[in-house]
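Worksheet: the structure to be examined is printed underneath.
By convention in this document, chain letters (A, B, ...) are assigned in the order of the sequence lines, proteins followed by strands, and residues within each chain are numbered from 1.
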Number of protein chains: 2
Amino acid sequence: MESRCENCIIRQFNSLRAMSKEELKTVSDSKTTKTIKKGQPLFEEGDKLNGVYCVRNGVSKLSKLSANGKDQIVKLATKGEVLGQRSVIAEESTNLSAVAVSDMEVCFIPKESITHTLQRNPNFTLEVLRHMAHDLKEADDVIVNISQKTVKQRVAEAFLYLRNNFGEDKDGFLALTLSREDISNVVGTATESAIRIISEFKKKGLIRTSGKKIGIKDERKLIEMVEGF
Amino acid sequence: MESRCENCIIRQFNSLRAMSKEELKTVSDSKTTKTIKKGQPLFEEGDKLNGVYCVRNGVSKLSKLSANGKDQIVKLATKGEVLGQRSVIAEESTNLSAVAVSDMEVCFIPKESITHTLQRNPNFTLEVLRHMAHDLKEADDVIVNISQKTVKQRVAEAFLYLRNNFGEDKDGFLALTLSREDISNVVGTATESAIRIISEFKKKGLIRTSGKKIGIKDERKLIEMVEGF
DNA sequence: ATAAAAACATGATATTTATCAGTTCATGGG
DNA sequence: CCCATGAACTGATAAATATCATGTTTTTAT
């Protein structure tokens, strides 16, 4: 059942597509596939990573623990994304924890395959570089958002982000269901504040809920809120 | 007076050190040196950059304008750092503005020299990649700091950061003098709030001031404050 | 199926931070 | 040198957000 990287469609979404047939074979021979249950960690802040994780299915939160004990979620990684690259490239222990927020299937690729290719295949390196440039740009945006927008605006933005990146289920709820705590950790606020704002949005008819699930009802108003009206 | 990149010491601090003699020659022949007065822009958010800027002297703030009209400073770049890489690599317009916060001397390197080398010299690409990995890690830290620390803690941290990265002048004041507004834009707060906190720190004997200049008096207490006591 | 634990929710309150309004200070151009 | 202008500063107040307390619902494990 272990499929070959050469045939993996996921690869189209990440830097691995810049690898040669040869290189992909090596990767494929050395990789191992793992199943991670929701709530389980892929790795923890401070770990030395021996390789990278290529996400085949499911979603992982990348977070960092702050001094006051709260987690800040820095990124949500899904199908096609490669985790742990930064640590492997910089040869440092990782600065983020990765925990599954839904059941996941990932391929673990030992770092040797990666570093070997990085040193020889400029196309691959450039492709990785492009991805990282993109991540950095996104990180800049997050910084500006967190520091200049109100919590309400950030919650609204988070919902729009979740829909744009993970879509909706057949009933129109956000396909990725996060706990209230995770939502507050994405937004960077206290859990109670996030809950309050969710209630408020519901009252105002901007969203609807069913248990943990959240559905967007009035996209326009949410967008206006993010923009600041 | 225009010196050659091959002999430039600055190069030791950035990815250009991974370039071959040949490549450096090309860069050196195509580069132009510019003087930027304090307050003048190197480039503005949204500009399409035709090259990168290698900082020989002085400091530039990299900032992004938010919807409400406030600037958020994302990074302070000094001697040895290369600006605009991300934009050139991703072939997108830049997402940040760069403005001199002190008089600067920079070398402008047309993008062709860079992209050409990126495609051929894996060592160079890898070196750039390592730098970007580092920047990304720093950006993650900024996100966590902004969202989990109080304004007071962030101001304290900013002063320590300024000393660690830019040093002190002969009188023991921070060598890089920022306006109160710039400080508030680094920290991500209202200018009045930053000023109030500076006054408070002064009263408590943590810092001393002379005009715009700020000197650290009690490093230990500042560190404790950042850590959260 | 049920008890225990965890997540969700809401009110009351405290704290932090922003905003508005105004005064003082410093500095560079005429 | 002086005045005009913008930066620095301060107070009063409003708004946003966090914290604490507590009850309710949902999940989980046995």
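- For DNA chain D, the neighbouring residues in residues 189-200 of chain A, judged by any heavy atom under 4.0 Å, are A:T189, A:A190, A:E192, A:S193, A:R196.
- Rounded to a whole Å, the CD1 atom of B:I183 is 12 Å from the C1' atom of D:dA7.
- Residue A:K37 contributes atom NZ, which lies 12 Å from atom P of D:dA29 at whole-angstrom precision.
- Every pair passing ring-ring contact (aromatic ring centres under 6.0 Å, His included) that includes a residue from residues 35-81 of chain A is listed here, sequence neighbours excluded: A:F43-A:Y53, A:Y53-A:F108.
- Between the side chain of B:Q72 and the backbone N or O of B:V186 there is at least one donor-acceptor pair closer than 3.5 Å.
- Between the B:T94 side chain and the B:G46 main chain, no donor and acceptor come within less than 3.5 Å of each other.
- Distance B:K203 NZ to D:dC9 P: 12 Å, rounded to the nearest Å.
- Between the NZ atom of A:K152 and the C1' atom of D:dA15 there is a distance of 10 Å, rounded to whole Å.
- One atom, CG of A:N185, and another, C1' of D:dA18, lie 14 Å apart when rounded to the nearest Å.
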TODO: Take A:S184 and A:K70 through the test side chain to side chain contact (heavy atoms under 4.5 Å, CB included) and record every step on the way to the result.
DONE: CA-CA 10 Å; A:S184 76; A:K70 276 211 71 167; 3.7 Å; yes
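- In this structure, B:R56 contributes its side chain and B:I10 its backbone to no donor-acceptor pair below 3.5 Å.
- We find that CD of B:Q153 is positioned 14 Å from C1' of C:dT15, with the value rounded to whole Å.
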Task: Steps toward side chain to side chain contact (heavy atoms under 4.5 Å, CB included) verdict (A:L222, A:F201) - done: CA-CA 9 Å; A:L222 282 176; A:F201 282 6; 4.0 Å; yes
Open item on the list: Show, in sequence, the C-alpha distance, side-chain angles and deciding distance for A:E192 and A:R180, and conclude whether the salt bridge (charged side-chain N to carboxylate O under 4.0 Å, His left out) test is met.
Closed with: CA-CA 9 Å; A:E192 297 96 319; A:R180 301 298 193 246; over 6 Å; no
Short heteroatom pairs, N/O only, protein and nucleotides 2-7 of chain C, under 3.5 Å:
residue : atom : partner : partner atom : Å
C:dA7   : O3'  : A:K212  : NZ           : 2.9

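- To the nearest angstrom, C1' of D:dA16 lies 17 Å from NZ of A:K149.
- Within a 6.0 Å radius of NZ in B:K137, other residues, nucleotides and ligands contribute more than 12 heavy atoms.
- Atoms CG (B:N68) and P (C:dC20) sit 12 Å apart, rounded to a whole Å.
- One finds no salt bridge joining A:D140 and B:K64 here, because no Lys/Arg side-chain nitrogen approaches an Asp/Glu carboxylate oxygen to under 4.0 Å.
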